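The structure displayed is predicted, hence computed values, not measured ones. Letters go in sequence order (proteins before strands), and every chain restarts at 1.
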There are 2 protein chains.
Amino acid sequence: MYLLSKYMGLAKTEIFTDLQNEIALYAKVFGHPARVSILQHLFKIDTCVCGDLVNEIGLAQPTISQHLKELKNLGLIQGTVEGTSVCYCIHKENWTKMKEVMFKFLDQDLPKADCC
Amino acid sequence: MYLLSKYMGLAKTEIFTDLQNEIALYAKVFGHPARVSILQHLFKIDTCVCGDLVNEIGLAQPTISQHLKELKNLGLIQGTVEGTSVCYCIHKENWTKMKEVMFKFLDQDLPKADCC
DNA sequence: GATATTAATCGTAATATTGCAATGTACTTA
DNA sequence: TAAGTACATTGCAATATTACGATTAATATC
């Protein structure tokens with residue numbers, strides 16, 4: 001009968017805690033290898049990257065632009081216009097905040113006993 | 001013209017490194033609050049959970065079952081049949097392996113300089 | 001064996017994500 | 001001002017994900 005069809009394909013975020021949704025949002029943005037690649041590159045070059053991300057990663061310019069937008073929306077990177085190009089780098093403060101949230105989630109104490 | 005339409009909506013995993021794809025796979029499974037919630041519950045009760053996950057989280061039984069399957073497919077949890085119910089717990093060894101991979105990614109050294 | 005309980009699977013509907021061509025916008029330079 | 005460069009946005013096609021009703025499978029209990 002599908003009375004609740006308005007929800008299908010859409011996460012029911014309202015039944016979860018803010019923290020659970022926050023963790024999921026961060027994780028989701030890391031859930032694509034292109035975004036992982038972009039972030040690794042930003043860490044590797046240890047400064048802003050201006051323009052060469054499209055060459056670095058083998059995806060079309062609009063695709064890269066879209067991935068950058070998602071990272072920027074979450075606040076994990078920042079971009080500044082530099083002439084005709086845009087320079088991107090890790091948003092250090094927000095990255096650290098994200099790291100604390102994710103570490104706390106990933107680093108919980110494992111159960112002592114072998115239960116099953 | 002969309003000659004490469006076979007790729008659309010599908011991540012082009014082949015152009016990324018194994019590590020990038022591995023990080024993305026782990027992150028993706030954490031990218032839904034229901035799975036975050038399931039894992040938090042497994043950590044919290046500090047032993048196996050047998051059966052009450054559907055009551056604990058407000059989603060239908062097939063939905064929970066599906067999320068559990070994804071966690072199991074990645075090896076992060078394990079389940080053993082116990083009568084008519086199934087008991088789940090964190091797969092400690094695999095969780096630790098995952099943690100190492102994710103920590104290495106999240107904990108990279110931030111650039112010293114404020115670049116942009 | 002019949003019935004109840006629990007969880008997995010199937011089928012399906014709806015939304016989300018991915019990717020890129022085409023286009024738009026902003027700035028630079030000739 | 002015209003042309004070029006770099007990036008964002010739009011539009012759209014294809015696949016992926018989420019959710020749940022219905023059903024199935026397996027075990028337990030009567």
Side-chain angles (χ1 to χ4, degrees), chain A residues 1-16 21 24-25 27-38 48-73 77 79-88 116, chain B residues 1-16 21 24-25 27-38 48-74 77-88 116:
Chain A
M1 210 72 79
Y2 300 107
L3 292 172
L4 296 169
S5 61
K6 59 180 165 168
Y7 287 130
M8 291 171 181
L10 172 60
K12 295 174 87 172
T13 56
E14 72 279 3
I15 68 170
F16 301 105
N21 282 312
L25 275 179
K28 205 183 217 174
V29 90
F30 299 137
H32 193 289
R35 292 189 289 268
V36 171
S37 174
I38 288 170
C48 334
V49 60
C50 302
D52 61 340
L53 274 171
V54 174
N55 300 330
E56 195 69 26
I57 302 161
L59 291 171
Q61 180 267 322
T63 308
I64 298 293
S65 189
Q66 191 174 279
H67 285 305
L68 286 167
K69 193 180 178 182
E70 286 175 64
L71 289 166
K72 208 161 48 175
N73 284 345
I77 65 171
T80 48
V81 178
E82 199 90 6
T84 64
S85 65
V86 179
C87 297
Y88 287 102
C116 46
Chain B
M1 210 70 81
Y2 301 108
L3 291 172
L4 297 171
S5 60
K6 59 180 165 167
Y7 287 129
M8 291 174 180
L10 174 60
K12 296 174 87 172
T13 55
E14 72 278 3
I15 68 169
F16 301 105
N21 283 312
L25 275 180
K28 205 186 221 172
V29 89
F30 299 136
H32 192 289
R35 292 189 290 267
V36 171
S37 174
I38 287 170
C48 335
V49 61
C50 302
D52 63 338
L53 273 170
V54 174
N55 301 328
E56 195 69 25
I57 302 159
L59 291 171
Q61 179 266 323
T63 309
I64 298 293
S65 188
Q66 192 173 276
H67 285 306
L68 287 168
K69 192 180 177 182
E70 286 176 64
L71 289 165
K72 208 161 48 175
N73 283 345
L74 260 189
I77 65 172
Q78 56 190 314
T80 47
V81 178
E82 198 90 7
T84 64
S85 66
V86 178
C87 297
Y88 287 101
C116 46

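When distances run from any side-chain atom of A:Gln61 to the nucleotides D:dA8, C:dT9, C:dA16, the shortest one goes to D:dA8. Minimum atom distance to the side chain of B:Met8 is reached by C:dG19, of the listed C:dC10, D:dT9, C:dG19. Which of D:dA19, C:dG19, D:dG21 sits closest to the side chain of B:Ala11 comes down to C:dG19. Relative to the side chain of B:Ser65, the nucleotides C:dC20, C:dA8, D:dA19 differ in distance, and C:dA8 lies closest.
Note on B:Ile64: nothing from the nucleic acid sits closer than 4.0 angstrom, heavy atoms only. Using a 4.0 Å heavy-atom distance criterion, A:Ser85 is classed as a sugar-phosphate-only contact.
With contacts defined as side-chain heavy-atom distances shorter than 4.5 Å, the pair A:Phe30/B:Lys28 does not qualify.
Between D:dT17 and A:Lys28, no contact under 4.0 Å exists linking OP1 or OP2 to a side-chain N or O. The side chain of B:His67 contributes an N or O atom lying less than 4.0 Å from OP1 or OP2 of D:dA19. Between D:dA8 and A:Tyr88, a contact under 4.0 Å exists linking OP1 or OP2 to a side-chain N or O. Between B:Thr63 and D:dC20 there is a side-chain N or O to OP1 or OP2 distance below 4.0 Å. OP1 or OP2 of D:dT9 has at least one side-chain nitrogen or oxygen of A:Lys69 nearer than 4.0 Å. Taking 4.0 angstrom as the limit, B:Thr84 places none of its side-chain polar atoms (N or O) nearer than this to OP1 or OP2 of C:dT6.
Protein atom CD of B:Glu82 is 10 Å distant from nucleotide atom P of D:dA28, rounded to whole Å. In this entry the distance linking CG of B:Asn73 with C1' of D:dT17 reads 14 Å, nearest Å. When rounded to the nearest whole Å, the span between CG of A:Leu68 and P of C:dG19 equals 13 Å. Note: NZ (A:Lys12) to P (C:dA16) measures 15 Å, nearest angstrom. For A:Glu70 and C:dT18, the CD to C1' distance is 9 Å, given to the nearest whole Å.
One cannot find a donor-acceptor pair under 3.5 Å joining the base of D:dA8 and the side-chain atoms of A:Gln66.
If A:His32 and A:Val81 are placed on DNA chain C by their nearest nucleotide, the residue sitting closer to the 5' end is A:His32. The 5' end of DNA chain D is approached more closely, in terms of each residue's nearest nucleotide, by A:Cys50 than by the other of A:Phe16 and A:Cys50. When the nearest nucleotides of DNA chain C are assigned to A:Gly31 and A:Gly83 by heavy-atom distance, the more 5′-ward of the two goes with A:Gly31.
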### Message
Between B:Leu71 and B:Leu74, is the side-chain contact (heavy atoms from CB on, under 4.5 Å) condition met? List the steps.
### Response
CA-CA 5 Å; B:Leu71 289 165; B:Leu74 260 189; over 6 Å; no
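By the 30° and 60° cut-offs, the orientation of the rings of A:Phe16 relative to B:His32 is perpendicular.
Between A:Cys48 and A:Cys87, a gap of 2.5 Å or greater is found separating the two SG atoms.
In this structure, A:Leu59 and B:Lys12 approach most closely via the heavy-atom pair CD2-CD, 3.5 Å.
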